[in-house]
Undergrad: 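Provided herewith is a single structure, encoded as structure tokens, for subsequent inquiry.
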Amino acid sequence: MIRRILDFVLILLFVWVCMILGLWVIDGVIVPMRLPGIAEGLLTSALKVGASAGLVLFWLWLWREIVKKMFWRAMRKQ
Amino acid sequence: MLNETIIFAAGFAVSLAVMPFHIKKMKKKHIGGIDVHKKDKPFIPQMGGLVVLAGITASILVAVMLSPETLSTSMSFLATILITGLVGAVDDFKTLNAKVKPFLTLFAGLPILVLHTYNPTGLVFPFIGQTRMTIIYPFLVPLVMAVTSNAVNMMDPFNGTMSGPCTIITIIMLLSALLLGRSEALVLCLCLLGPLLVFFFYNKFPAKVFSGDVGSLSIGAALGAIAIIGRLEVVALVALMPQIMNAFYGLSSMGRLYERREVSRPVAILEDGRLMATKDPTAPITLARVVLARGPLREDEAAKIFLVLATISGVLALATAYLIMVTP
């Protein structure tokens, strides 16, 4: 029982820490970013939105892969 | 403080008084379902969500009487949950298509948009603080209603696994509202908490009543509405992580929206009454299946894990509320 709960605690913590770190990266790195050769405007904003969206998608993909691996490994052991 | 106690007591008392009659009536009319995770497959009366709706309505009416300035927030909240309740009631009698149901729940966001009871500037994040999302945010409101109502609706595999975690989430949102000084959220949480506590008492293992989609969709929508009206969006997102995880695992493993009656069952029952995860690769990877992946469990043990998960994500939600509070 404890082992099962621990699995989920680790996943929940991972997801939460990634979310908080992701927000910090978006706020501290992506938003203030100045792109050389590109003037501030629509293109820069679009690139920043794209980078943030990419980060979110990577987070979701990582989350899905961890759970999938954990699930099928546990099933095989059973 | 007295007003808040009266608001909470109204919903609690109405639900407590009505629930036994509702169960009797549903049994008499034979409206219910089979509890498939029990060996003897008992018949359980359904649509307990109607009692939750009655309790919330009573609390809201009392809140409006006690503080008339909350009329627009209270009415948008009530209209939101009544719309999703209606969609759920239709689904309980005539199963809706897997795409139609989420589409219809989008309309639950309309009362909030029409009565303009959302924060027009947008989301408040930890570290970032108040964002400016004046154009995008109104489009997110219906989406949030559809996501929360359907995510809660999808996580109802065992007795008490919808009502228990939702009760914990409501308490966490109430504490967050206190921490962040969001008075609208505080009142709405109290309106939801009373009926939910009563429903959890009747729905916990062994269940005496099922919520039906009328209950799960409207409770999910109520949590979404509290998040938007009370400006607790990010806190709600973290508190609802088990529900979101469940929906995300299910949808990503199936690769499409699905109705639970049309796919292989992710959980099977053993001879001794314990539950086990099926090995069927075509069944969705739901949270219940992941919980049971390490080996069979009794239904009450599996349900307890869901409560523990809700409590852990609740603690993380409170930590998020604290980070929002200290963000300049």
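By convention in this document, chain letters (A, B, ...) are assigned in the order of the sequence lines, proteins followed by strands, and residues within each chain are numbered from 1. Every heavy atom of this structure was used, including side-chain atoms; hydrogens, water molecules and symmetry mates were not.
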Undergrad: Please check: side-chain N/O of B:Asn159 versus main-chain N/O of B:Ala207, any donor-acceptor pairing under 3.5 Å?
TA: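 The answer is yes, because a donor-acceptor pair under 3.5 Å joins these two groups.
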Undergrad: B:Ile312, B:Val308, B:Leu323, B:Ile285: which one forms the most heavy-atom pairs within less than 4.5 Å of chain A?
TA: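 Highest number of pairs under 4.5 Å: B:Ile285.
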Undergrad: Can you find a heavy atom in the side chain of B:Phe125 that is under 4.5 Å from one in the side chain of B:Gln130?
TA: no
Undergrad: When only pairs under 4.5 Å are counted, which of A:Ile11, A:Val67, A:Ile26 shares the most heavy-atom pairs with chain B?
TA: A:Val67
Undergrad: Which bit of B:Ile128 is near chain A, if near means a heavy-atom gap under 4.5 Å: side chain, backbone, both or neither?
TA: both
Undergrad: Among A:Leu13, A:Asp7, A:Val15, A:Val31, which residue has the highest count of heavy-atom pairs closer than 4.5 Å to chain B?
TA: A:Asp7
Undergrad: Taking side chain as everything from C-beta outward and backbone as N, CA, C, O, which of these in B:Val238 sits under 4.5 Å from a heavy atom of chain A? Side chain, backbone, both or neither.
TA: side chain
Undergrad: Does A:Trp72, at its CH2 atom, have more than 12 non-hydrogen atoms belonging to other residues, nucleotides or ligands within less than 6.0 Å?
TA: yes
Undergrad: Please state whether the side chain, the backbone, both or neither of B:Val291 comes within less than 4.5 Å of a heavy atom of chain A.
TA: both
Undergrad: Chain A: which of B:Ala319, B:Gly295, B:Ser252 shares the most heavy-atom pairs with it under 4.5 Å?
TA: B:Gly295
Undergrad: Are A:Phe8 and B:Phe306 packed together at the side-chain level, in the sense that at least one heavy-atom pair is separated by less than 4.5 angstrom?
TA: no
Undergrad: Applying the side-chain contact (heavy atoms from CB on, under 4.5 Å) test to B:Leu275, which of B:Leu270, B:Val267, B:Leu297 qualifies?
TA: B:Val267
Undergrad: Assess the residue pair B:Glu301 and B:Lys304 against the criterion (salt bridge (charged side-chain N to carboxylate O under 4.0 Å, His left out)); give the C-alpha distance rounded to whole Å, side-chain angles, the decisive distance to 0.1 Å, and a yes or no.
TA: CA-CA 5 Å; B:Glu301 289 173 333; B:Lys304 264 182 208 149; over 6 Å; no
Undergrad: Tell me, for B:Thr278 versus chain A, whether the close heavy atoms (under 4.5 Å) come from the side chain, the backbone, both or neither.
TA: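 Only the backbone of B:Thr278 comes within 4.5 Å of chain A.
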